[in-house]
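Both counts, for ligands and for their atoms, begin at 1 and track the order of listing.
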Amino acid sequence: MKTAEMIEKEAKEVLASLPETLTPKDRAAIPHMDMPQQDPKERINNMSEVALGYTEDEALVEAQRCLQCKNKPCVSGCPVGIDIPGFIKKITEKDYKGALSVIQESSLLPSICGRVCPQESQCQMHCTVGKMKKNVDEAVGIGRLERFVADREAESAMLPEIAPETGKKVAVVGSGPASIACAADVRRHGHSVTVFEALHKMGGVLSYGIPEFRLPKHLVDTELEKLEKMGIKFERNVLVGRTRTIKELMEEDGYDAVFVGTGAGLPKFMHIPGEDLVSVFSANEYLTRSNLMKAYDRKDSMTPIFKSTNVAVFGGGNVAMDAARTALRLGAERVDIIYRRSRDEMPARKEEIEHAVEEGCNLRLLSQPVEIIGDENGIVKGVVIRKCELGEPDASGRRSPVEIPGSDYTEPYDTVIVAIGNASNPLIKKTTPEIETNKRGNFIVNPDTCETSMKGVYAGGDIVLGAATVILAMGQGRKAAAAICSYLEGNE
Ligand code: FAD
Ligand code: SF4
Ligand code: SF4
């Protein structure tokens, strides 16, 4: 792994060697700038961010790699359509404020999306440079450049103008990225907005799910402060569907429209014997204890977390990587990520898998947990694992795991974290039967407006898409906001 100093030195050398005018061939020959990061041996002992961000020199080199393609293929891969060559051009001109303005025309949370977007399967997947080099890892580092601009210009990010008060009231349920985007856009039109959040802290998965070492919480707090400064009200500890129903919000509390962005926070389990043992956690609970309740801060936090030595994490997505890496930082000596397919089929971002492995997590691939075994106190003492091989591709296009009969063996563990996915919470559906859902419990919405089957009620993010991504949730929040404003202005 290159150190931060080595990367900076390389950037300086490249900058010094660049000709005054660059041809596309020159640009294509510029080496891809690595992201400086904390040393794996050090970072497993702290919660600080792993990726350190580009310096100015590194960003300037990376920006020069962009060919400024006329047809902008990368933009088609961004769910909110950021003018990518536009903002990168501004970086090459050292006009960082200008670059941020271009990004902010389409995205509200660039410092967050620049960090957590799965760029390699979105904007960067379509990048001409990556295609020329037949390697998506060689694409222009769009997300890294977006993060550079957002971090550098954090102070200069302006609050949007708010139209005069209209007297209309909108309730936003949940406070994740879908709701943040919706609330901000609706408020800009002069409507009064109140966000109702079930937890004591705003931000959704950005606050309680994604760990500090990937997404520093001060960035999320800054975005939430901006919403408050825009006049958006926050009501914490309100579980809509129980404290107030959607109907009550509309008929008794006078809200003219409601946006539901309640996410997919209901953990799925494997339904194998032993899942009710003491030291079996859903990744949601484990990460919430650590991120939201700061259980890692053993000195000052009141929240306990199980002291683990040998941890098994079931699953192969981003959530599994986050749980495994958190367990290491909480002092586990061995963390095995048990996944039933091969590394190529893992749904987690490639970078997250690499980071987990660098930090010492073991990938136990083609392995299916079939039973969790407990000791006489009901605490996990091992997992029975069945070996698998890859069969034909399934509906997701990935090769499916086929269990190998007679291959079971038992591995010792004292903790199990189940990270095999999340479903939507059925509470709102149960108390508001007017809202149609599909068989998975996701809200069915008009794809153009995000309106549900209940008049005046809109929805977006994971509650509609199933467990998806931050940027897709944000995109839906913005789409719903446009439709809500149109509805409130009488243009249905
Ligand atoms: P959420 O962020 O889930 O927010 C929903 C909010 O609604 C929560 O705060 C919840 O408490 C609240 N709520 C629920 N029910 C009610 C109710 N009845 N009343 C009031 N409030 C309620 N995506 C990426 O793009 N990149 C990543 O790297 C990535 N990593 C992830 C890691 C983890 C551990 C997890 C869990 C998810 C990750 N995701 C990632 C997915 C991404 O975070 C989600 O797709 C996104 O947050 C969904 O946004 P949302 O606004 O729909 O809902
Ligand atoms: Fe790429 Fe995400 Fe930024 Fe869009 S928001 S340009 S997909 S990193
Ligand atoms: Fe630049 Fe790649 Fe987009 Fe072309 S596709 S404009 S090279 S980022």
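Checked by distance only, ligand 1 and P177 come closer than 3.5 Å through their nitrogen or oxygen atoms. Where the criterion is an N or O separation shorter than 3.5 Å, residue side chain and backbone included, A178 meets it with respect to ligand 1. At under 3.5 Å, a nitrogen or oxygen of A198, whether backbone or side chain, sits near a nitrogen or oxygen of ligand 1. Between I210 and ligand 1, no pair of N/O atoms sits closer than 3.5 Å. By the 3.5 Å distance cut-off applied to N or O atoms, Y208 is not counted among the residues near ligand 1. Looking at ligand 1, you'll find an N or O of V240 within less than 3.5 Å of one of its N or O atoms. Of the N or O atoms in A468, one or more lie within a sub-3.5 Å distance of an N or O in ligand 1. Note: no N/O pair closer than 3.5 Å links L199 and ligand 1 by distance alone. On a distance-only criterion, D322 and ligand 1 share no N/O pair closer than 3.5 Å.
Under a 3.5 Å cut-off, the side chain of D462 and the backbone N or O of A468 do form a donor-acceptor pair. A donor-acceptor pair under 3.5 Å is formed between the side chain of E58 and the backbone N or O of T55. The backbone N or O of L287 sits less than 3.5 Å from a side-chain atom of N291, completing a donor-acceptor pair. A distance-only check finds a donor-acceptor pair linking the side chain of Y339 to the backbone of E345 [under 3.5 Å]. Checked by atom type and distance alone, the side chain of Q124 pairs as donor or acceptor with a backbone atom of I142 at under 3.5 Å. Side-chain N or O atoms of D336 include none that pairs as donor or acceptor with a backbone N or O of I338 at under 3.5 Å. When atom types are taken as modelled, the side chain of T288 and the backbone of N284 share a donor-acceptor pair closer than 3.5 angstrom.
In this structure, D83 pairs ionically with K72, as a charged nitrogen and a carboxylate oxygen lie closer than 4.0 Å. Note on D185 versus R478: salt bridge recorded, some NZ/NE/NH1/NH2 to OD/OE distance being below 4.0 Å. With salt bridges taken as basic N to acidic carboxylate O contacts below 4.0 Å, none links E212 and K217. Between K201 and D221, at least one side-chain N (NZ, or NE/NH1/NH2) sits under 4.0 Å from a carboxylate O, which counts as a salt bridge. A salt bridge links K247 to E434: at least one charged side-chain nitrogen sits closer than 4.0 Å to a carboxylate oxygen. Between R214 and E352, at least one side-chain nitrogen of the basic residue sits less than 4.0 Å from a carboxylate oxygen of the acidic one, meeting the salt-bridge criterion. No salt bridge links E197 with R236; every basic N to acidic carboxylate O contact stays at or beyond 4.0 Å. A salt bridge is defined here as a Lys NZ or Arg NE, NH1 or NH2 lying under 4.0 Å from an Asp or Glu carboxylate O, and E354 with R325 fails to meet this definition. Between R329 and E359 a salt bridge is recorded (basic side-chain N to carboxylate O distance below 4.0 Å). Under the 4.0 Å criterion applied to side-chain N and carboxylate O atoms, R147 and E49 are assigned as salt-bridge partners.
Within ligand 1, counting atoms from 1 as listed, the ones closer than 4.0 Å to a heavy atom of V173 are 19 (N), 20 (C). Listed by atom number, the atoms of ligand 1 under 4.0 Å from E197 heavy atoms are 6 (C), 7 (O), 8 (C), 9 (O), 10 (C), 11 (O), 12 (C), 20 (C), 21 (N). Here is the list of ligand 2 atoms found below 4.0 Å of a heavy atom in I82: 3 (Fe), 5 (S). Close contacts of ligand 1 with G461, meaning ligand atoms under 4.0 Å from a residue heavy atom, involve 52 (O). If you number the atoms of ligand 2 from 1 as listed, the ones under 4.0 Å from a heavy atom of Q122 come out as 7 (S). Listed by number with element, the atoms of ligand 2 under 4.0 angstrom from any heavy atom of Q119 are 8 (S). For ligand 1, the atoms lying closer than 4.0 Å to a non-hydrogen atom of G209 are 34 (C). For ligand 1, the atoms sitting less than 4.0 Å from at least one non-hydrogen atom of D462 are 44 (C), 45 (O), 46 (C), 48 (C), 52 (O), numbered in the order shown with element in parentheses. Proximity to F196 (heavy-atom distance under 4.0 Å) selects the following atoms of ligand 1: 20 (C), 21 (N). Ligand 1 places these atoms under 4.0 Å from at least one heavy atom of G204: 2 (O), 4 (O), 8 (C), 9 (O). Annotation for ligand 1: atoms under 4.0 Å from non-hydrogen atoms of G176 are 2 (O), 4 (O), 51 (O).
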Passes side-chain hydrogen bond (donor to acceptor under 3.5 Å, both in side chains), E56 versus Y96? Steps please. CA-CA 10 Å; E56 184 177 14; Y96 305 120; 2.7 Å; yes

Report the C-alpha distance between T452 and V260 in whole Å, list the side-chain angles of each, state the deciding distance to 0.1 Å, and finish with yes or no for side chain to side chain contact (heavy atoms under 4.5 Å, CB included). CA-CA 10 Å; T452 68; V260 183; over 6 Å; no

Determine, step by step, whether F196 and R244 satisfy the side chain to side chain contact (heavy atoms under 4.5 Å, CB included) criterion, reporting the C-alpha distance in whole Å, the side-chain angles of both residues, the deciding distance to 0.1 Å, and the verdict. CA-CA 10 Å; F196 296 96; R244 299 299 280 158; 5.9 Å; no

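Closest to atom 3 (Fe) of ligand 2 among all protein heavy atoms lies E146 OE1, 2.0 Å. In terms of protein heavy atoms, atom 2 (O) of ligand 1 is closest to V205 N, 3.0 Å. Counting protein heavy atoms only, atom 2 (Fe) of ligand 2 is closest to C117 SG, 2.4 Å. Annotation: atom 7 (O) of ligand 1 to nearest protein heavy atom, G174 CA, 3.2 Å. Here the heavy atom of the protein found nearest to atom 16 (C) of ligand 1 is T262 CG2, 3.4 Å. Scanning the protein heavy atoms around atom 5 (S) of ligand 2, the nearest turns out to be I471 CD1, 3.5 Å.
With distances taken over non-hydrogen atoms, the option nearest atom 25 (O) of ligand 1 out of V470, I428, N291, N318 is V470.
Within a 6.0 Å radius of NZ in K89, other residues, nucleotides and ligands contribute 12 heavy atoms or fewer.
Residue contacts with ligand 1, taken as heavy atom pairs separated by less than 4.0 Å, involve V238 solely via the backbone atoms N, CA, C and O. Looking at R214 against ligand 1, only its side chain comes within 4.0 Å, counting heavy atoms.
Pairing each heavy atom of A327 with each of V335, the nearest pair is CB-CG2, 4.1 Å.
Using a non-hydrogen distance threshold of 4.0 Å, A467 does not register as a contact of ligand 1. Residue L287 places a heavy atom less than 4.0 Å from ligand 1. Taking 4.0 Å as the cut-off, G241 does not count as a neighbour of ligand 1 on heavy-atom distance. Using a 4.0 Å cutoff on heavy atoms, G261 counts as a contact of ligand 1.
Atom 4 (Fe) of ligand 2 has an N, O or S atom of C78 inside 2.8 Å of it.
Excluding water, every protein N/O/S atom under 2.8 Å from atom 3 (Fe) of ligand 3 is given here by residue and atom: C74 SG.
R43 forms no cation-pi arrangement with F213, by the criterion of a distance under 6.0 Å to the ring centre and an angle within 45° of the ring axis.
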